[in-house]
Amino acid sequence: MSLIRALMIDVEGVLVCGRPSDGRPWASTIEDDLGLSVAALQQEFFSPYWNEIVLGRAAPIDHLKPVLAKIAPHLPYDDFIAYWFENDARLNIKLLEELRQQRKAGKRVYLATDQEHVRAAHLVEALGLGSHCDGIYYSAALGSRKPDQAFFKQVAALSGLRPDQLLLVDDPPANIDAARLCGWNAIHWQQGSMLFARLAAIEDLCPKNTD
C-alpha cells in the first residue's frame, strides 16, 4: 500500500477556475454588468476585511453590506453574492475525474481551502463538490489559513493521518512550501497539470507497506 492515504485539494484556481463561460476571473466584467468598480471593491472591502472574514472572525454581510451601500447603493447584497458565486464556478472536470479514480482506488479526497462559511457551503452543496470528496477543511472553520503552518497542522490532526500520508494539490508556491515544511507531500498545480503522472512520481519515492 502506498504511503499517501489522502489528497487535500485546493479549490480556487485548482478545482474551480473562474467563469463557467470562459474561465476568466469572476469579476472581469463586473463594472459593465453591475456598475461596480473593481478598484473600489478591492479598496473598500477585500483589502481591509477579507482576512478577518476568511478566518471566520466576521461574516461577509457584516462588512460587505455597508460597503455596497457606500460604493454601489443600487446593488443589493444578495444580488452581488449571487453574481459572484455564479461567475466563480467553472469546475475542472478533468481533475474531478482523476479524483474519482483515486477515491475508487481507496484514497480519501478532501477540499483544503481558504474560504468563509457562506462560500464553503455553496461549494459543497450548490456547486456539488460534496459528492466528489470525503469532506472539507477550510480556513473559517479552522481559524487559520494557508500558508500558515497552523492550517496544515490542524488538518493533519483532524484527518487522523500522519503528515507524510497527506498530499496537497495547490497553486500558490507559498502554500506548497508551507505544506512541505509541515511534513506533507505536495504538488504545485499549474495550468495543464495532470494529477495521475505527478502522483505516480511521488508514490514511486514513497516507502511501501507503511501504516
Side-chain angles (χ1 to χ4, degrees), residues 7-31 33-34 36-38 40-69 71-72 75-93 95-96 99 109-148 150-152 154-155 158-159 168-172 174-175 179 189:
L7 309 181
M8 301 288 176
I9 313 298
D10 181 47
V11 173
E12 314 296 351
V14 177
L15 268 180
V16 178
C17 306
R19 302 194 305 193
S21 60
D22 55 16
R24 294 179 66 195
W26 69 271
S28 294
T29 58
I30 196 171
E31 295 192 34
D33 295 339
L34 298 182
L36 176 59
S37 164
V38 173
L41 185 62
Q42 182 65 39
Q43 179 179 329
E44 300 289 339
F45 175 66
F46 283 108
S47 292
Y49 300 124
W50 188 245
N51 190 63
E52 181 182 26
I53 290 169
V54 85
L55 286 172
R57 298 170 184 166
I61 196 171
D62 295 340
H63 296 298
L64 182 54
K65 198 166 186 178
V67 165
L68 289 175
I71 65 175
L75 181 60
Y77 169 83
D78 289 342
D79 290 356
F80 173 85
I81 292 295
Y83 178 91
W84 178 358
F85 290 2
E86 289 169 8
N87 282 281
D88 197 7
R90 183 172 187 163
L91 296 177
N92 187 333
I93 301 301
L95 178 55
L96 286 174
L99 294 175
V109 172
Y110 297 94
L111 308 182
T113 177
D114 290 340
Q115 303 289 340
E116 47 79 29
H117 297 296
V118 178
R119 181 157 170 82
H122 175 83
L123 292 169
V124 170
E125 299 164 10
L127 208 54
L129 291 180
S131 64
H132 296 280
C133 68
D134 297 287
I136 179 172
Y137 300 111
Y138 68 99
S139 58
L142 298 172
S144 61
R145 64 179 301 187
K146 298 177 287 184
D148 293 344
F151 179 93
F152 299 101
Q154 286 177 278
V155 170
L158 290 168
S159 74
L168 177 70
V169 180
D170 210 332
D171 48 337
N175 295 348
W189 191 261

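These numbers were taken from a predicted model, which means no experiment stands behind them.
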Minimum heavy-atom distance between [X] and [Y], given as atom pair plus value:
| X | Y | value |
| --- | --- | --- |
| S139 | R145 | CB-CB, 3.8 Å |
| S144 | A150 | OG-C, 3.7 Å |
| P60 | F45 | O-CE1, 4.2 Å |
| H132 | G128 | CD2-O, 3.3 Å |

Fill in: Name of the residue among D114, D170, N175 meeting side-chain contact (heavy atoms from CB on, under 4.5 Å) with D10
D170
Practice prompt. Report yes or no: does K146 contribute a side-chain atom to a donor-acceptor pair with the main-chain N or O of A112 at less than 3.5 Å?
Written response: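 The answer is yes, because a donor-acceptor pair under 3.5 Å joins these two groups.
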Could you tell me the separation between the [atom1] atom of [X] and the [atom2] atom of [Y], rounded to the nearest 0.5 Å?
| X | Y | atom1 | atom2 | result |
| --- | --- | --- | --- | --- |
| I136 | Q115 | CD1 | CD | 6.5 Å |
| E125 | S131 | CD | OG | 12.0 Å |
| I53 | D62 | CD1 | CG | 7.5 Å |
| R19 | R24 | CZ | CZ | 5.0 Å |
| Q42 | S37 | CD | OG | 10.5 Å |
| E12 | D171 | CD | CG | 9.5 Å |

Worksheet item: Hey, mind stepping through V124 and Y138 against side-chain contact (heavy atoms from CB on, under 4.5 Å) and telling me if it holds?
Response: CA-CA 11 Å; V124 170; Y138 68 99; over 6 Å; no
Fill in: Stepwise side-chain contact (heavy atoms from CB on, under 4.5 Å) check, N92 with L96
CA-CA 6 Å; N92 187 333; L96 286 174; 5.6 Å; no
Quick one, [X] and [Y] - any side-chain contact, counting heavy atoms below 4.5 Å?
| X | Y | value |
| --- | --- | --- |
| L36 | L68 | yes |
| W189 | L95 | yes |
| N87 | T29 | no |
| D88 | R119 | yes |
| M8 | S159 | yes |
| F80 | L41 | yes |
| L15 | L123 | no |
| F85 | V118 | yes |

Worksheet entry | Between W84 and F46, ring centroids under 6.0 Å | yes
Worksheet item: Parallel, tilted or perpendicular: which fits the ring planes of H63 and Y49, with parallel below 30° and perpendicular above 60°?
Response: parallel
Discussion item. Show, in sequence, the C-alpha distance, side-chain angles and deciding distance for L142 and L158, and conclude whether the side-chain contact (heavy atoms from CB on, under 4.5 Å) test is met.
Written reply: CA-CA 10 Å; L142 298 172; L158 290 168; 3.5 Å; yes
Item to complete: Apply side-chain contact (heavy atoms from CB on, under 4.5 Å) to L168 and F152, showing your working.
Response: CA-CA 9 Å; L168 177 70; F152 299 101; 3.8 Å; yes
